[in-house]
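Heads up, the thing below is written out as C-alpha cells.
Ligands are counted one by one from 1 in listed order, and the atoms in each one are counted from 1 as well. Residue numbers count from 1 along this sequence.
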Amino acid sequence: MTHATRSPLTVHDFKKLADQGTKIAMVTAYDTWSARIINESPIDCILVGDSGAMVMHGHSTTLPATPELMALHTAAVARGAPHKFIIGDMPFLSYRKSLVHAMNCVELLMRAGAHSVKLEGVEGHESIISHIVKSGVPVMGHLGLTPQSINSLGGMKVQAKLAAEAIQLLADAKKLEELGCFSLVLECVPSEVAKEITKTISIPTIGIGAGPHTSGQVLVLQDMLGANPGFKPKFLRTYLDLNTLIGEALDHYSRDVKASAFPADKESYSS
Ligand code: KIV
C-alpha cells in the first residue's frame, strides 16, 4: 500500500504510536498543491495552522486569521490530502468570545474537512474545550509559546525557563489531558521541561522548538523547505533550499522567453 492509499490516522493511532515509541511527524499546509505532495509522503498528519496568516498572507502575526480563512485553507488541504489526518487551527479569539462562537468555528473547520481542531492555552476556556471534546471533535492542545498571545508574551520567546513557569506548564498540560485532549503541541520550551511533560501525561506531545523528547515534531512546511529564508530560529532544520531552486527556475524561464527559446516547436500547436 502506498502512503497515498492508506486511510488517515485516527486519534487512537496517535496514542498507539506514542506508546510504542514511534515518533509522530507533522507539518503544516495551507493549500491543495502542497497537500497533494504531503499526501504521497510518510508524514503522519497535517496542521492547517493559523501560521498561514503569516506564511500565505504576509501578516506579521497570526492574529488576522479568521474562522472563514481557516476553513478555506482547511478545505483546500483536505482536497489535496484525503489520506492524511488533518488538524484545523482555531484562530485568535474564536474560542474566547462564547461557546456559540467556538462551536461555529469548530463546525466550519470540521465541515471543511478537518478531523480535529487545535487551540492555544487552557485557562479560561476549560469548559469550551470540554464541550468540543464531548461533541465528538478531537482537540489538540497548544502550550508554551502561544503565538495568539504574542502581545501579552512580549514577543516570540522561549517559555517556561523559570521553575515556577515550568510547574505551571506541567499543570496546564495535565489539565488539557483531563479535559480530553488527544494530543498537545509544545512550542518553544526547554527540552527538559518538554521531556518531563511527555513523561508525566499519557497523551502524545508534538514539539516545535521543544527538543528531542516529545512524542513527535511539527514544522511549518515553508520553513523546513527553505522557502522562508529570513526565518532562522535555533530549532529549525531546513531540508531544502526551495527559494534558491525556485529563483533559479524563474531566472531560466525568463532568459528562455527573452531569447525566444521558449516555447519550442514541441511545445507549440500546429494547425
Ligand atoms: O499555526 C501553526 O503553524 C502552529 C504550529 C507552529 C504548531 O500552531
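- Atoms of ligand 1 lying under 4.0 Å from any heavy atom of D89, numbered from 1 in the order shown and given with element: 1 (O), 8 (O).
- Remark: distances from the non-hydrogen atoms of K118 to ligand 1 include one below 4.0 Å.
- Note: Y253 and F262 have perpendicular aromatic rings, judged against thresholds of 30 and 60 degrees for the angle between ring planes.
- A salt bridge is defined here as a Lys NZ or Arg NE, NH1 or NH2 lying under 4.0 Å from an Asp or Glu carboxylate O, and K175 with D172 fails to meet this definition.
- Shown here is Q20, whose CD atom has more than 12 heavy atoms of other residues, nucleotides or ligands within 6.0 Å.
- In terms of protein heavy-atom proximity, atom 3 (O) of ligand 1 is closest to S51 OG, 2.5 Å.
- Every atom of ligand 1 is numbered from 1 in the order shown, and the set under 4.0 Å from a heavy atom of I208 is 6 (C).
- With a 4.5 Å cut-off on side-chain heavy atoms, Q222 and Y30 count as touching.
- Distance from atom 7 (C) of ligand 1 to its nearest protein heavy atom, with residue and atom name: L47 CD2, 3.7 Å.
- Test Q148, H125, H101 against R96 for side chain to side chain donor-acceptor pair (under 3.5 Å) and you get one pass: H125.
- Within the listing of ligand 1, atoms 1 (O), 2 (C), 3 (O) sit less than 4.0 angstrom from a heavy atom of G49.
- Under the 4.5 Å side-chain criterion, counting only non-hydrogen atoms from C-beta, L179 is not in contact with V139.
- Listed by atom number, the atoms of ligand 1 under 4.0 Å from T28 heavy atoms are 3 (O).
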